[in-house]
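Inspection log for the structure reproduced underneath, given as C-alpha cells.
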Amino acid sequence: QLQASGGGLVQAGGSLRLSCAASGRSFSNYAAGWFRQAPGKEREFVAAMSGNAGGSNYADSVKGRLTISRDDAKNTVTLQMNSLKPEDTAVYYCAANPADYTGRASSLYNYWGQGTQVTVSS
C-alpha cells in the first residue's frame with residue numbers, strides 16, 4: 001500500500017527527491033515518515049510528519065538538509081534530500097501509522113513501503 005521511489009546514485013553535495021505513494025486507503029490523517037537502513041546497521045529514523053497537526057520531526061543527523069512534506073490530495077509523501085553525504089547511503093523506507101505518531105520507534109508504524117536505494121559517492 002506504500003510505494004517508495006526516487007532513489008539513485010548521486011555525488012556528495014548533490015540532491016535527490018524521494019516519493020512515497022499510498023494506495024488502497026487515504027493516509028491523510030496518518031503520520032508518515034521515512035526510515036533508512038545502511039548495510040550492517042539497524043534501521044534508523046529519518047523524519048516524520050503529522051497527518052493532523054502538520055508538525056514534523058527530524059533526526060539530528062539530517063536537520064537542515066532533508067525536508068519532509070506531504071500532499072494529501074495525491075496521497076503522497078516526499079523527502080527532499082539536499083547536501084547529501086556519503087553517510088546518507090542506505091535503503092530508505094517510507095512508513096505510516098494511524099495514531100499520528102511522529103516519533104522514532106519503527107515498531108509503532110503499521111504500514112511500510114518496499115524501500116529505495118540511495119547511494120552517495122564521495
Can you tell if the side chain of [X] reaches within under 4.5 Å of the side chain of [Y], non-hydrogen atoms only?
{"X": "Trp34", "Y": "Met81", "result": "no"}
{"X": "Asn97", "Y": "Leu108", "result": "no"}
{"X": "Gln11", "Y": "Leu84", "result": "no"}
{"X": "Ser19", "Y": "Thr76", "result": "no"}

Hey, is Lys85 close enough to Asp88 for a salt bridge, meaning N to O under 4.0 Å?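 Not counted as a salt bridge, because no side-chain N and carboxylate O are separated by less than 4.0 Å.
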Begin from the C-alpha positions of Val120 and Glu87 and carry the test side chain to side chain contact (heavy atoms under 4.5 Å, CB included) through to its verdict. CA-CA 8 Å; Val120 184; Glu87 50 263 45; over 6 Å; no
Which heavy-atom pair separates [X] from [Y] by the least distance, and what is that distance?
{"X": "Arg36", "Y": "Ala90", "value": "CB-CB, 3.8 Å"}
{"X": "Ile68", "Y": "Met49", "value": "O-CE, 3.5 Å"}
{"X": "Ala12", "Y": "Ser122", "value": "CB-CA, 4.4 Å"}
{"X": "Ser15", "Y": "Ser83", "value": "OG-N, 4.4 Å"}
{"X": "Pro98", "Y": "Asn110", "value": "CD-OD1, 3.0 Å"}
{"X": "Val91", "Y": "Gly115", "value": "CG1-CA, 3.8 Å"}

What distance separates [X] [atom1] from [Y] [atom2], expressed to the nearest 0.5 Å?
{"X": "Gln1", "Y": "Cys20", "atom1": "CD", "atom2": "SG", "result": "11.0 Å"}
{"X": "Tyr30", "Y": "Asp100", "atom1": "OH", "atom2": "CG", "result": "11.0 Å"}
{"X": "Thr116", "Y": "Gln114", "atom1": "OG1", "atom2": "CD", "result": "7.0 Å"}
{"X": "Thr119", "Y": "Leu9", "atom1": "OG1", "atom2": "CG", "result": "6.0 Å"}
{"X": "Tyr111", "Y": "Phe27", "atom1": "OH", "atom2": "CZ", "result": "6.0 Å"}
{"X": "Tyr58", "Y": "Leu79", "atom1": "OH", "atom2": "CG", "result": "7.5 Å"}

When clusters are formed by joining ILVMFWY residues with side-chain heavy atoms under 4.5 Å apart, either directly or through shared neighbours, do Val118 and Leu2 land in the same one?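 In one cluster with Val118: Leu2, no.
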Scan Phe45, Phe35, Tyr93 and name whichever one has a ring-ring contact (aromatic ring centres under 6.0 Å, His included) with Tyr109.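 That would be Phe35; it is the only one of Phe45, Phe35, Tyr93 passing the ring-ring contact (aromatic ring centres under 6.0 Å, His included) with Tyr109.
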I'd like to know if the side chain of Arg104 and the backbone of Ala59 have a donor-acceptor N/O pair within less than 3.5 Å.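 Looks like no, no N/O pair under 3.5 Å.
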Keeping Asn57 on the side-chain end and Ala48 on the backbone end, is there a donor-acceptor pair under 3.5 Å?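 No.
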